[in-house]
2 protein chains.
Amino acid sequence: MDLALSLDRAAATPLYQQLAEALRCAVLQKRLKPSQQLPPSRVLAQSLAISRVTVTQSYDQLVSEGYLETRQGAGTFVCAQLPETYLQTTAIASETSPSTALTQLSRFGTSLQAAQPLQGPEPECRISFRYGNPAMELFPLNLWRRLLNRHCQSSSSLLNYGADAAGYLPLRAAIADYLGRSRAVQCSPEQVIIVNGSQQALELIARLTLDAGDWVAVEDPGYLGARYCFAGQGAHLQPVPVDAAGIDVDKLRQYHHPFKLLYITPSHQFPTGVTLSLARRLALLDWAQATGTLILEDDYDGEYRYGDCPIPALQGLDRHHRVIYVGTFSKILFPALRLGYLVVPPAWIPLVSRAKWLCDRHSPLLAQYALTDFLVEGHFERHIRRMRQRYDLRRQVLVRALEAEFGDRVTILGANAGIHLMAKFATSLPDALVIQRAAQVDVGMISAQGYCLGKPKGGEFIFGYSQLNEVQIEQGIQKLARVLLAES
Amino acid sequence: MDLALSLDRAAATPLYQQLAEALRCAVLQKRLKPSQQLPPSRVLAQSLAISRVTVTQSYDQLVSEGYLETRQGAGTFVCAQLPETYLQTTAIASETSPSTALTQLSRFGTSLQAAQPLQGPEPECRISFRYGNPAMELFPLNLWRRLLNRHCQSSSSLLNYGADAAGYLPLRAAIADYLGRSRAVQCSPEQVIIVNGSQQALELIARLTLDAGDWVAVEDPGYLGARYCFAGQGAHLQPVPVDAAGIDVDKLRQYHHPFKLLYITPSHQFPTGVTLSLARRLALLDWAQATGTLILEDDYDGEYRYGDCPIPALQGLDRHHRVIYVGTFSKILFPALRLGYLVVPPAWIPLVSRAKWLCDRHSPLLAQYALTDFLVEGHFERHIRRMRQRYDLRRQVLVRALEAEFGDRVTILGANAGIHLMAKFATSLPDALVIQRAAQVDVGMISAQGYCLGKPKGGEFIFGYSQLNEVQIEQGIQKLARVLLAES
């Protein structure tokens, strides 16, 4: 145990008294806890470069004062019970330390201080249709452990600071390969920048592009984590409506703000679940090129499509380096991993790498090594295939259950894809009341209203199905029907 | 293997021709690599929801065109050699995609684009006195692997998004305990915010406190990673000279800027290695309270002191919540881990947690679980003790070698602490020439000039000794003496 204690050899007060005072103070401030063992006098003397006698003198004094006690054969300990007067001292000390008001904040700090809590609703019911977490119990954790172990060996240089802020190059190459094949993304390994999940990707691009007063176009309804980043930069958000074919590009053409950025989730729009049509994709790219707008494409769960063939990413259709592509491993491996990536135009590579260095130098390396093997050895695509079958089944069960219970009083929105869907109920109940009734039968629901910037429609709910098994999904919807249909 | 290919069932072109065109395009764009195997026709047909005959027709067409080849009993592959005309097509295609100028940058992006590369000098010689990396070969990697394995089990909820952006609470409690004991830091577990290394800590506080035009006081010479963050916010940097007792507080009192922030490395000033005296610490805290300045205390290697007793952190002496304390595990465990922490005043906890959420939601969890055990089970302090002995020895060898070879032509600066020291040579050679001569005998040196904002003195060099063994240190200094003393 290290003990930070200040002694002043030049002072008039004898060293043993200084040491006793320092130890007393440590006990009172709870830096030394009741019943905690103190270092042997020999050890403390050595570490403070003072004589052992000095230490035993101080210990003796504090024992006599009731701060310390000696236990036969075991050593010196802080007393379990301290006299009340000492506790009073502590109380007074903490009163004289008023909490400083946050007077030194930047505009960013001030706006963040005033903002709502960032975390979305997380219903804690027995059957919660929360979204965003994959089915973790199906992740091959034993395999992951084996890959981690393979790299957690004596190869000490791997533990150094990474050579490149943009990430481990073999991982970037494996991602570029995978994206080229399965998402039609066109990029070199160098264009792939490893970040801590898609949130860091969004934040980096927001900071690199937006100043206070700049305009950003966002889907409405849309993903909150992205909006917070844009708002944090002081940007104006222009909500753009989303219909069954995705973001409304005709509407977009009518705004006359000079947009810096458009944020979009074209594969599986969050939260409506619709897929941007090919015609709109091409129109959107034309608009971006004509207006000089940068497109931030967030492909957070594009791997999961059931039945129809995957639509190539916007990035792959773009011929003018107008698209920055964001992907994550949170929905395929597990969110606690905190790894995602950006695919940036070649001219952006040095800039984004610098920004990443400034933020946290680089992402942790051990996980990057293991992930590289996971991709290169084919485990990644095998896992996606397995999960796709499972989620497809869960989605089918959810859709059938909703239709069986609610009939024509429910409409399933969006494409046959992703790990959540949105459903619209024909009900006169306000969303808050629906959620409250559902919670009474231990079913957790999330309204889509919180994701709207414009006028929310009501009756629309997000159903995540990746973390529930088939039985839970059926039971949840049955319970929901009982409480929602009883009324109307 | 997933292949993203767009087919339009409504189009006039037959599906097999569309598929052939899409595959041809994928080969030309190198999304399908030479010699790569294609999916069996049955599998591709299924995933595209088209008939198998359509797939075999397209494959046949591409085989006849020389894009694909069939290998008996093995399947269909991309040809290893493509006709030259196709390669030409690729070259033309990439020419018509000009690299977009970075027209959409924010002020932050623009200044970062214009900045020097952030990475400091990293001499690649056989004996390099680089600084900042601990002796990784002495880290108990087997133990670390065991702790990782313990938590990489089927406990699937641990793989979810973390409950708290500020980090895993038991880890925060273990750090609060350790800091209280060994660094005299006074804090509750909640005041500890887990971040990705100290760089993220500095960046978060810079963003939360600084707007363009604000003033920050920094030590001169000082740590570049911190300055980049402040400059990135558009702040003005006021260099404050450092002498043998640390930052010059009298000088600080003479500036009339309204400082928002003071950045300081009081335990072991970077790069000079001096320790801020107790008198100056108290004067500094008074100044901060009187001027309303926030102190950012970076204790990057405070664990390593040899001989004399550790000096309590500024944070522990502060009675007015004016100090934010930053620590890192990079210098004790290993840098690739990317874990560090902030200790913030109670009023700052929600704000800093939000900022962390916005940046990357939270730090990776598996490493946080393992690190908690590493601390709680005593491995951490045992490892520090072991490393302290080793570094103490290496430092002694370095000091003796410098004195033996250079005699009164060298002055060792700074306290008996840390994992680097600064030495001043009496030489008329410019620093760049010293470095060049040293490199000729395969010895890597780092001049302190790059860390100065004011007029650099010349002849001062930083010697990291943690990554070199005793023999390397002696040899390195002997070689250095040969090339430096030959001249003068």
Side-chain angles (χ1 to χ4, degrees), chain A residues 2 4 6 29 31 48-49 97 99-100 102 104 106-109 112-113 118 133 136-137 145 148-149 152 156 159-161 180-184 186 196-197 199-200 203 207-211 228 260 294 309-310 312 319 321 334-336 338 345-347 351 354 357-361 364-365, chain B residues 2-4 6 29 31 48 97 99-100 104 106-109 112-113 118 133 136-137 145 148-149 152 156 159-161 180-184 186 196-197 199-200 203 207-211 228 260 294 308-310 312 319 321 334-336 338 345-347 351 354 357-361 364-365:
Chain A
D2 272 347
S6 333
Q29 292 173 346
R31 295 198 284 122
L48 296 173
S97 306
S99 221
T100 307
L102 301 172
Q104 302 96 341
S106 62
R107 275 187 292 272
F108 170 74
L112 203 60
Q113 174 77 356
L118 303 180
N133 278 315
M136 246 88 69
E137 74 281 8
R145 196 167 57 239
L148 279 180
N149 284 342
C152 198
S156 63
L159 303 179
N160 263 315
Y161 288 104
R181 272 199 312 277
S182 85
R183 312 290 305 124
Q186 291 189 51
N196 310 332
Q199 187 63 33
Q200 188 172 50
E203 173 69 358
R207 286 193 73 195
L208 287 172
T209 58
L210 299 176
D211 285 314
Y228 295 142
K260 271 237 181 132
L294 191 68
C309 69
R319 289 289 162 274
H321 295 304
F334 53 94
R338 308 310 306 128
L351 176 68
R354 276 179 192 192
W357 193 100
L358 204 64
C359 284
D360 55 13
R361 298 191 68 150
L365 289 180
Chain B
D2 273 345
L3 264 178
S6 334
Q29 290 172 346
R31 295 198 284 121
L48 295 174
S97 308
S99 223
T100 307
Q104 301 97 342
S106 63
R107 274 187 292 271
F108 170 73
L112 203 59
Q113 175 77 357
L118 303 180
N133 279 312
M136 247 86 71
E137 73 282 8
R145 196 166 58 236
L148 279 180
N149 284 341
C152 198
S156 62
L159 303 179
N160 263 315
Y161 286 106
R181 272 199 311 278
S182 85
R183 311 289 306 123
Q186 292 189 50
N196 310 333
Q199 187 64 33
Q200 188 172 50
E203 174 69 358
R207 285 193 74 194
L208 287 172
T209 57
L210 299 176
D211 286 313
Y228 294 142
K260 273 241 180 124
L294 191 69
D308 43 359
C309 68
R319 290 290 162 274
H321 295 305
F334 52 94
R338 308 310 307 130
L351 176 68
R354 276 179 191 191
W357 194 99
L358 204 64
C359 284
D360 55 14
R361 298 190 70 148
L365 289 180

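Order of the sequence lines sets the chain letters (A, B, ...), proteins ahead of strands, with each chain counted from 1. Note that the structure is a prediction, hence the values are computed from the model and not measured. Computed from heavy atoms alone, side chains included, the values below leave out hydrogens, waters and symmetry copies.
- For the atom pair CG (A/Leu112) and CG (B/Leu358), the distance works out to 6.0 Å, reported to the nearest 0.5 Å.
- Per-residue heavy-atom pair counts under 4.5 Å with chain A were compared for B/Lys260, B/Arg354, B/Gln113, B/Gln200, and the maximum is reached by B/Arg354.
- A donor-acceptor contact shorter than 3.5 Å is absent between the side chain of A/Thr209 and the backbone of B/Ser106.
- When A/Asn149, A/Leu294, A/Leu148 are compared by the number of non-hydrogen pairs under 4.5 Å with chain B, A/Asn149 comes out ahead.
- Between the side chain of B/Arg207 and the backbone N or O of A/Phe108, no donor-acceptor pair lies under 3.5 Å.
- When all heavy atoms of A/Asn160 and B/Pro335 are compared, the closest pair comes out as C-CB, 4.0 Å.
- For a residue to count as touching a neighbouring chain, one of its non-hydrogen atoms must lie under 4.5 Å from one of that chain's; by this rule A/Leu210 touches chain B with the backbone only.
- At distances below 3.5 Å, at least one donor-acceptor pair connects side-chain atoms of A/Asp211 with backbone N or O atoms of B/Arg107.
- Not one N or O on the side chain of B/Arg338 forms a donor-acceptor pair closer than 3.5 Å with the backbone of A/Pro364.
- Looking at every heavy atom in both residues, A/Gln186 comes nearest to B/Arg31 through CG-CD, 4.4 Å.
- Using a 4.5 Å heavy-atom cutoff, the side chains of B/Glu203 and A/Asp360 are not in contact.
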